[in-house]
Each structure stands twice: as C-alpha cells, then as structure tokens.
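Everything below concerns the one structure shown next.
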There are 2 protein chains.
Amino acid sequence: MAKTHYSRFDCQPGCSVEAAVSLISGKWKCVVLWYLLEEETLRFNELRRRIATITQRMLTNQLRELETDGLIHREVYAQVPPKVEYSLTARGRELTPILMALKAWGDAHIDLFGNNGTAGKPFTAASSAEV
Amino acid sequence: MAKTHYSRFDCQPGCSVEAAVSLISGKWKCVVLWYLLEEETLRFNELRRRIATITQRMLTNQLRELETDGLIHREVYAQVPPKVEYSLTARGRELTPILMALKAWGDAHIDLFGNNGTAGKPFTAASSAEV
DNA sequence: GCCGGTAGTATCAAAAAGGATACCATGATG
DNA sequence: CATCATGGTATCCTTTTTGATACTACCGGC
C-alpha cells in the first residue's frame, strides 16, 4: 500500500516541500509522531490505546510507512508474547521544527476549523531539547 | 469536493498539527503556494503554465480549496476575456515558516526520494521578508 | 466565419486511502 | 480446557482523490 509519494517529482519549485509534506500527510501520522516525540518509546498497543479511534490495520499501516520513510525505528524483541517498540529516528526527530511550525499555525488559526479545545496543550516533548 | 479535512477532530495531541497539514496536503497545493509566495500575484493560466503537468480541473480544484481555507485570495475582474488574479492572504503568508521548514527538511533528506535536482533552488519569495 | 486565448464546468473513470471485520500463533493465567 | 493479551495479516468494501476528456461563453484578429 501507499509508496506513491515517491513516484512523481517533476521537481518544480516546492518539490522538496511537497515531498516532505507527503511523508506526514497520512491520516494519523502526525499524532503518532507527536506521541513518539513526547514519550520517546512506545509499544504497539500503547500507541493504540493512546489513539483509541484508530484501527489496528491503520496503525500498522501508518507505522510501516513511517518506518519505510526512515522516520521511526521499529525494535522487535523475540519474546512471547511479542514486544515491539517504536521510537523516532534522528531523521524523525528533525521533523520537530516542522511539527512546531504547524502547531503554531494551527493553534493561531484554530478558528478556521470550527474547533474548540486542543489549542491549549503546550508542547513538552522530551526530545525537543536536542533539536 | 473535499472539505473533509474539517470533519474529524478527536483533538488528541497533534490535532492542530493535523489540521494544518490537511490544508496543504493536496497534491499541488504546495507548488501553488510556493509560486504565489515567489510572484505575489498570478493569473489562472499563468499558474497553469508554470505547473505544466497539472490539469485545468485540478488547478481549479486546488485553488478553490485554498481559497475556502482562507489561504489565497481570488480577485475577479469583470472583463472579457476574463481575468482572475490569485494571491496569498495574510493567513496564507503566515505559512511561510512552515514551508521553509518543510523545504529545509526536504532538501536535507532529499536522498530519501531517489531524487536529484531541485534542492538547489534558493527560496527567494518576495514576501518572505515581512514574516 | 474560424481560430485562439480567457477561466472555467461537467462527466466519467481509475487509483489511492481509509474503515470494518475476522483471523493467526504463542504463552501465561484461571 | 477456555480466555486474555501480544502484534500483527487478510479480505472486502466505501469514500476520497486524482486524472482524462470534452464542453461552455465571450471577444479580437485574420
């Protein structure tokens, strides 16, 4: 599934922008990235419980794509029951300024969305310091 | 068409990020925004010629969505032949830091895309100064 | 009278993304 | 022996997005 985001690059101005956007534009990717920024390392079901409305298939899906794109790392422990830990790669952590800029803009223009809450929550990712 | 990006806001962490992403994640939106940042004002067919591989339908489409989202302004001149000018709104211009961050990341990790050119082109938007 | 350029619409089809549901192996627990 | 939790797959279906193509009205130029 997916993988289309690699395919077209006429390389007009804005091409690398588009490329970067395509990596985070999955329906749940931002949320996943955000959690991983905040909590460093999470197991599959920990993520699932945090997101709640996501289906198992979609979580697997988004995680696989993020992994393929080199944004997150997947560590499998050969145990039973299985244990799989997800964390950001260096490349993933470098998205922080983007996520921050997006959040800043989103919070500033939250009125656009007929929205209410959320804007409040301050960003406190443990790893934001190192970027 | 579209409009779905308003619909779901479970408002988990990252929600406003997701909201912002959804506004620029159309297939051609970044390119359009980029050109408008660079050239301030462009007519429909001027944009079309610059993008080249876009279809008329998609250009109309993306422009309408950007307009609905308050990112660009559409100025119609009551003449024949018709003349319509597109430009960024203040809100649209505030996306600059986001686009810059995306471009920076994209250029830095351009290897991810099996890509070649593009990275070079420096950002020279006339309006970037005022942000 | 026909052609080109203006800025679009309308219609149909294909592809991609997302959702719902069921299923799997394993080991510990009861 | 049945059940729970782990981290997934597989299958089917619907919605969303994108693409291809044809069409419109108007005017000026040839």
Side-chain angles (χ1 to χ4, degrees), chain A residues 1-10 18 21-32 35-36 41-69 72-87, chain B residues 1-10 18 21-32 35-36 41-69 72-87:
Chain A
M1 184 177 286
K3 190 56 53 63
T4 36
H5 46 272
Y6 291 147
S7 57
R8 36 79 182 165
F9 284 103
D10 347 66
E18 220 189 316
V21 167
S22 73
L23 300 189
I24 58 174
S25 60
K27 173 152 176 187
W28 307 93
K29 289 186 185 172
C30 291
V31 188
V32 170
Y35 274 118
L36 289 180
T41 297
L42 286 170
R43 298 178 60 176
F44 184 85
N45 276 343
E46 287 174 340
L47 271 169
R48 190 144 86 104
R49 275 188 291 269
R50 273 164 184 72
I51 303 186
T53 50
I54 198 173
T55 62
Q56 212 164 14
R57 185 175 97 76
M58 279 310 291
L59 182 53
T60 306
N61 223 303
Q62 304 284 288
L63 288 170
R64 288 291 187 281
E65 287 185 25
L66 289 169
E67 190 196 359
T68 305
D69 294 336
I72 64 173
H73 172 69
R74 178 167 180 264
E75 183 77 28
V76 183
Y77 296 87
Q79 327 180 325
V80 166
K83 173 176 173 180
V84 180
E85 286 186 345
Y86 293 92
S87 55
Chain B
M1 184 175 284
K3 190 56 52 63
T4 36
H5 44 273
Y6 291 144
S7 56
R8 35 81 182 167
F9 283 104
D10 346 67
E18 222 189 313
V21 166
S22 73
L23 300 190
I24 58 174
S25 62
K27 173 151 178 188
W28 307 95
K29 288 185 186 173
C30 291
V31 188
V32 170
Y35 274 117
L36 290 179
T41 297
L42 286 171
R43 297 178 58 174
F44 185 85
N45 276 345
E46 287 174 338
L47 270 169
R48 189 143 85 104
R49 276 188 291 270
R50 273 164 183 74
I51 302 186
T53 50
I54 199 172
T55 62
Q56 212 164 17
R57 186 176 97 75
M58 278 310 290
L59 182 53
T60 306
N61 222 302
Q62 303 285 287
L63 288 169
R64 288 289 186 283
E65 288 186 26
L66 289 169
E67 190 195 0
T68 305
D69 293 337
I72 65 174
H73 172 68
R74 177 166 182 265
E75 184 76 31
V76 183
Y77 296 86
Q79 328 179 326
V80 165
K83 173 175 171 179
V84 181
E85 285 184 344
Y86 292 93
S87 56

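Predicted model, so just to flag it, every value in this text is computed and none were measured. Below, chains carry the letters A, B, ... as their sequence lines are ordered, and counting in each starts from 1.
Partners of B:Q56 by side-chain hydrogen bond (donor to acceptor under 3.5 Å, both in side chains), not counting sequence neighbours: none found. Considering only residues two or more places apart in sequence or on other chains, B:R74 meets the side-chain hydrogen bond (donor to acceptor under 3.5 Å, both in side chains) condition with B:Y86. Considering only residues two or more places apart in sequence or on other chains, B:E85 meets the side-chain hydrogen bond (donor to acceptor under 3.5 Å, both in side chains) condition with B:Y77.
Each of A:P81 and A:I54 was matched to the nucleotide of DNA chain C holding its nearest heavy atom; the match closer to the 5' end belongs to A:I54. Positionally, the nearest nucleotide of DNA chain D for A:E85 lies more toward the 5' end than for the other of A:E85 and B:V80.
For the pair A:I72 CD1 and D:dG7 P, the interatomic distance rounds to 14 Å; values are reported in whole Å. Put simply, CZ on B:R48 is 13 Å from C1' on C:dG4, counting in whole angstrom units. We find that CG of A:L59 is positioned 13 Å from P of D:dT6, with the value rounded to whole Å. Atom pair A:I51:CD1 and C:dG19:P shows a separation of 12 Å (rounding to whole Å applied). Across the protein-nucleic acid pair, A:Q79 atom CD and C:dA25 atom C1' stand 16 Å apart, rounded to whole Å. Per the geometry, CE belonging to A:M58 stands 18 Å off C1' belonging to C:dA22, to the nearest Å. Distance A:K83 NZ to D:dG7 P: 9 Å, rounded to the nearest Å. One atom, CD of B:E46, and another, C1' of C:dG5, lie 13 Å apart when rounded to the nearest Å.
Residue B:K27 places none of its side-chain N or O atoms closer than 4.0 Å to OP1 or OP2 of C:dA16. A close approach under 4.0 Å does occur between a side-chain nitrogen or oxygen of B:R49 and OP1 or OP2 of C:dT6.
A:L63 places none of its side-chain heavy atoms less than 4.5 Å from the side chain of A:E67.
Checked against C:dA20, D:dG19, D:dT6, the side chain of A:T55 finds its nearest nucleotide in C:dA20.
Nearest heavy-atom pair across B:K29 and B:I24 is CB-O, 4.0 Å. The two atoms that bring B:V21 and A:C30 nearest to each other are CG2-SG, 3.8 Å, heavy atoms only.
As judged by a 4.0 angstrom heavy-atom cut-off over every strand, A:R43 is placed among residues touching the sugar-phosphate backbone only. As judged by a 4.0 angstrom heavy-atom cut-off over every strand, A:Q62 is placed among residues touching the sugar-phosphate backbone only.
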Report summary line: Contact string for nucleotides 8-14 of chain C, one letter per nucleotide 5' to 3', B = base within protein heavy-atom range under 4.0 Å, S = sugar-phosphate only, - = neither, reads BBBB---
Donor-acceptor pairs are to be reported for all side-chain atoms of residues 41-48 of chain B against protein atoms at under 3.5 Å, with residues two or more places apart or in another chain.
from: B:R43; atom 1: NH2; to: B:P82; atom 2: O; distance (Å): 3.3
from: B:N45; atom 1: OD1; to: B:R48; atom 2: NE; distance (Å): 3.3
from: B:E46; atom 1: OE1; to: B:R43; atom 2: N; distance (Å): 2.7

